[in-house]
Amino acid sequence: TFAHQQLALIYRQEGDIKNWKRELQLAKNSERRGSNNNVSPEVLTRHDHPVSAFLQNAGEHLAHKKPGLALDEIKKVMKFTDKDLSVEHINRGEIFALQAQAFQQMTLNDEAIQALNQVLKYQPNNNRAYYLRAQSYFEIGKYEECLADCERAARGDKILSNTVAELRAKAKERLKRRLERR
């Protein structure tokens, strides 16, 4: 807040009205964030901050097939973060991706799809998120959506395209069987 206020004074003295207004707004926003006791973005980059530990624990719980515990850690991370934090400090897309993986392990595919939609909101070119969402669509029987996400995932990632090809083949086969039954 202080730094923004000082920059605003300098810009005002130089007659740069555009940057003066911008710095004043940033100072107000910074002051407002400070009064809400939000976590500073600079703190989140530290490896010893609780957010780092929560994210690490969530990853370990997923690796050990304990999705419920992973979701608890992810909830703790969400309490620390603010939607306005910039991506450099904490990547909300990654948090939602962890959440989606936990939901998939619990076979809560509808919730996983919602979390993956959030990932794609923050990272629209995340091919892995399209693939994970395709898996969830496959599990709940939405084969058309699965195929669409498989196409998006394979289009952007050559390595992932081999894995996607398997899922795409299964989805096409199931869709074909469904159409034959009608």
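Quick caveat: nothing in here was measured; it's all calculated off a predicted structure.
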Q) Can you name the nearest heavy-atom pair linking Ala58 to Ala70, along with the distance? A) O-CB, 3.6 Å
**Q.** Linked, directly or transitively: Val164 and Tyr130 (ILVMFWY side chains, under 4.5 Å)
**A.** no
(Q) Rounded at 0.5 Å granularity, tell me how far OG1 in Thr107 sits from CD in Glu139. (A) 8.5 Å
Q. Rounded to the nearest 0.5 Å, what separation is found between the CG atom of Asp149 and the CG atom of Leu116?
A. 9.0 Å
Which donor-acceptor pairs under 3.5 Å do the side chains of residues 168-180 make with protein atoms, sequence neighbours left out?
from: Arg168; atom 1: NE; to: Glu151; atom 2: OE2; distance (Å): 2.9
from: Arg178; atom 1: NH1; to: Gly141; atom 2: O; distance (Å): 3.4
from: Arg178; atom 1: NH2; to: Gly141; atom 2: O; distance (Å): 2.7

Q: Supply the atom-to-atom distance Asp16 CG to Arg22 CZ, rounded to the nearest 0.5 angstrom.
A: 8.5 Å
Q: Please report the C-alpha distance between Glu73 and Gln56 in whole Å, then the side-chain angles of each, then the deciding distance to 0.1 Å, and finally whether the side chain to side chain contact (heavy atoms under 4.5 Å, CB included) criterion is met.
A: CA-CA 9 Å; Glu73 297 293 328; Gln56 183 178 359; over 6 Å; no
**Q.** Spacing of NZ belonging to Lys66 relative to CE belonging to Met106, to within rounding of 0.5 Å
**A.** 14.0 Å
Q. Given the side-chain rings of Tyr143 and Tyr137, with only the six-membered ring counted for Trp, is the space between their centroids under 6.0 Å?
A. no
Q.
Tell me whether Leu120 shares a hydrophobic cluster with Leu98, the cluster being built from Ile, Leu, Val, Met, Phe, Trp, Tyr side chains joined at under 4.5 Å.
A. no
Under 3.5 Å, sequence neighbours excluded: what are the donor-acceptor pairs made by side chains of residues 6-15?
none

Q. Can Leu69 be reached from Phe54 by stepping across I, L, V, M, F, W or Y side chains whose heavy atoms are under 4.5 Å apart?
A. no
Q. What are the two closest heavy atoms between Ala153 and Tyr131, and how far apart are they?
A. CB-N, 3.8 Å
Q. Under 3.5 Å, side chain of Gln105 to main-chain N/O of Leu62, donor-acceptor pair present?
A. yes
(Q) Give me each pair satisfying side chain to side chain donor-acceptor pair (under 3.5 Å) with a member in residues 110-121, each pair once, sequence neighbours excluded. (A) Asn117-Arg133
Q. At what distance, to the nearest 0.5 angstrom, does CD of Glu166 lie from SG of Cys150?
A. 11.0 Å
Q: Take Leu71 and Gln99 through the side chain to side chain contact (heavy atoms under 4.5 Å, CB included) test and state the conclusion after the steps.
A: CA-CA 6 Å; Leu71 285 175; Gln99 188 178 42; 3.8 Å; yes
**Q.** Nearest-0.5 Å distance that lies between atom CD in Gln104 and atom CD1 in Ile113
**A.** 8.5 Å
Q: Look at the side-chain heavy atoms of Ile, Leu, Val, Met, Phe, Trp and Tyr, link any pair under 4.5 Å apart, and say whether Met78 and Tyr122 land in one connected group.
A: yes
